[in-house]
Amino acid sequence: MVLQILAFGIAKDIFGARQINFVVPSQCTVETMKDLLEERFPALKRLATYAVAINEVYAVPAQYLQEKDEVAIIPPVSGG
Amino acid sequence: MVLQILAFGIAKDIFGARQINFVVPSQCTVETMKDLLEERFPALKRLATYAVAINEVYAVPAQYLQEKDEVAIIPPVSGG
Amino acid sequence: MNHISIRDTDLKLDDCYQFIAAPDAGGIDIFVGTVRNKSLGKTAVKLEFEAYEKMAISEIAKIIEEARSNWDLINVFVAHRTGTVEVMGIAVIIGVSSMHRAAAFEACRFIIDNLKQTVPIWKKEFFDDGAHWVSAHP
Amino acid sequence: MNHISIRDTDLKLDDCYQFIAAPDAGGIDIFVGTVRNKSLGKTAVKLEFEAYEKMAISEIAKIIEEARSNWDLINVFVAHRTGTVEVMGIAVIIGVSSMHRAAAFEACRFIIDNLKQTVPIWKKEFFDDGAHWVSAHP
């Protein structure tokens, strides 16, 4: 399936876009998606850490993704 | 000697004036002055507590008073 | 820098902010004490504040010095009203800027907590059916 | 009541104060985060903030709900900038009113501390010689 993945902060710089289309297996967890993303964008591995949000909520690694989900890459936040 | 004693808050109401002249012995501590004041103004004894300031600094009971001192009665403070 | 004032006219939040803002400030904390509409379960109409002004200023200065010895502060602002303050009116403003927000929060709270303990200012509460000096009696 | 906003225009302290002031408030605490002129020992020129706005608002709402479950609060105001903020400009304002000043101080600090941990907002610092996303790398 094709995920539309939003990127913010340094992740947007790494992707070169605010949003990318990214192909993943149909049964795909957050953890698997991160592995695949890091293969395509190795610079992600150099981040201090980064989280994934699904439909505006922080996701856990074992969570499964759906094609219609709003997926977002959340690099270390630094507001305030 | 004659002390000029400033009064604030409820002490001003008890004295009936913002400042009174009050006669004390020439060798007079804060403690003695308080005893004499309470004889003349028994309502002072009903206060939760009250402090004495000499020249704008909180005084201790054993401190001696001078005729030129700026003496003030400080009932429980309630600013803020 | 420190600002200390005791005044019988309206206190302005912006005066505080303009004084304490600084290019090296990482955190600014401001406490505002306002007049409540209720006290002791009764409806308060207004308050009157009376101050022993010279001593109040020197006691506030001592509190600020103690705060500065405990925390690394940039600017400190303390202003307190005298005279009549209506419900929701501002009785006191304390503002602190620091490189670090924890210091700003802790110092601001330290200053208001100590101000309430030692600074010679008195509050008289007016109700529909009378008035009393706060904390005067046990 | 709660106010939460993420906006690309100047944040006003008075907007915060007007929102949180209340006749039953015994204490009001306001935290203001401003842009510092120094970071990592270098001179900062400006900052840019980017937010995942919808999620930032819902994460802030969660923090406020947690604060309200810990302390008895009247009104809570949280506003955060996006876009370019110059040195000394206001990046964030948190305001809390409560019956009790301890609650106002503690809740205000809780909210800013948590906001910095979980709310999806990112800060890019611009120096004379380049720029970087804060906290991105170890």
Side-chain angles (χ1 to χ4, degrees), chain A residues 3-22 29-31 33-35 37-80, chain D residues 4-7 11 31-36 39-40 44 47-63 78-83 85 90-94 108-125 130-138:
Chain A
L3 296 174
Q4 294 191 316
I5 303 179
L6 295 170
F8 296 93
I10 195 165
K12 191 178 64 175
D13 295 350
I14 291 170
F15 289 1
R18 191 178 191 284
Q19 186 178 315
I20 60 167
N21 293 326
F22 192 68
T29 63
V30 168
E31 193 163 25
M33 181 195 72
K34 286 179 79 168
D35 290 342
L37 276 172
E38 289 171 16
E39 272 178 37
R40 178 152 149 211
F41 302 102
L44 283 176
K45 286 185 280 193
R46 292 198 297 274
L47 297 184
T49 176
Y50 66 98
V52 172
I54 301 179
N55 302 323
E56 299 154 27
V57 176
Y58 284 107
V60 293
Q63 200 167 334
Y64 281 95
L65 293 152
Q66 313 286 332
E67 190 148 20
K68 290 170 299 185
D69 284 339
E70 180 174 312
V71 181
I73 303 304
I74 312 285
V77 303
S78 51
Chain D
I4 304 172
S5 59
I6 309 281
R7 47 186 273 193
L11 304 183
F31 175 81
V32 183
T34 53
V35 172
R36 286 168 61 169
S39 182
L40 311 171
L47 292 187
E48 273 180 27
F49 286 100
E50 182 179 329
Y52 183 10
E53 288 198 18
K54 289 179 298 179
M55 183 174 169
I57 287 171
S58 76
E59 288 294 322
I60 292 169
K62 285 178 198 168
I63 295 168
V78 177
H80 202 295
R81 274 298 306 275
T82 53
V85 187
I90 298 178
V92 62
I93 301 180
I94 318 268
C108 189
R109 186 167 175 180
F110 174 89
I111 293 169
I112 182 64
D113 286 352
N114 280 273
L115 183 149
K116 284 174 176 274
Q117 297 296 320
T118 64
V119 175
I121 298 176
W122 299 271
K123 174 158 51 186
K124 191 173 192 174
E125 288 178 331
H132 77 130
W133 287 102
V134 174
S135 303
H137 293 107

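Every chain is numbered from 1 and lettered A, B, ... according to where its sequence line falls, protein lines coming before strand lines.
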Query raised in the report: Which bit of D/Gln117 is near chain A, if near means a heavy-atom gap under 4.5 Å: side chain, backbone, both or neither?
Result: backbone

Query raised in the report: How about D/His137 and A/Ile10: do any of their side-chain heavy atoms sit closer than 4.5 Å?
Result: yes

Query raised in the report: Is it the backbone or the side chain of D/Lys116 that comes under 4.5 Å from a heavy atom of chain A, or both, or neither?
Result: both

**Report entry** Per-residue contact mode, D/Val119 against chain A (heavy atom under 4.5 angstrom)
**Finding:** backbone

Requested in this report: Give, as side chain, backbone, both or neither, the part of A/Tyr58 having an atom under 4.5 angstrom from any heavy atom of chain D.
Outcome: both

Report task. Using non-hydrogen atoms and a 4.5 Å limit, figure out which bit of D/His80 sits close to chain A: side chain, backbone, both or neither. Result -> side chain

Query raised in the report: So which part of D/Phe49 gets closer than 4.5 Å to some heavy atom of chain A, the side chain, the backbone, both or neither?
Result: side chain

Query raised in the report: Out of A/Ser78, A/Ala53, A/Gly79, which one racks up the most heavy-atom pairs below 4.5 Å with chain D?
Result: A/Ser78

**Report entry** More than 12 heavy atoms of other groups within 6.0 Å of A/Arg46 CZ
**Finding:** no

Report summary line: Assert top hit (heavy-atom pairs under 4.5 Å, partner chain A, pool D/Thr118, D/Leu115, D/Ile112) equals D/Thr118

Query raised in the report: D/Ser135 versus chain A, heavy atoms under 4.5 Å apart: side chain, backbone, both or neither?
Result: both

Query - Which atoms of D/Ala91 approach chain A - backbone, side chain, both or neither, heavy atom under 4.5 Å - result: side chain

Report task. For each of A/Asp13, A/Leu6, A/Thr49, tally heavy-atom pairs with chain D at distances under 4.5 Å, and name the one with the top tally. Result -> A/Asp13

Query raised in the report: Rounded to the nearest 0.5 Å, what separation is found between the CE atom of D/Met55 and the CD atom of A/Glu70?
Result: 10.0 Å

Query raised in the report: Is it true that a side-chain atom of D/Trp122 and a backbone atom of A/Phe8 form a donor plus acceptor pair closer than 3.5 Å?
Result: no

Query raised in the report: With only heavy atoms counted, which part of D/Ala51 is less than 4.5 Å from chain A, the side chain, the backbone, both or neither?
Result: backbone

Requested in this report: Please state whether the side chain, the backbone, both or neither of A/Ala43 comes within less than 4.5 Å of a heavy atom of chain D.
Outcome: neither

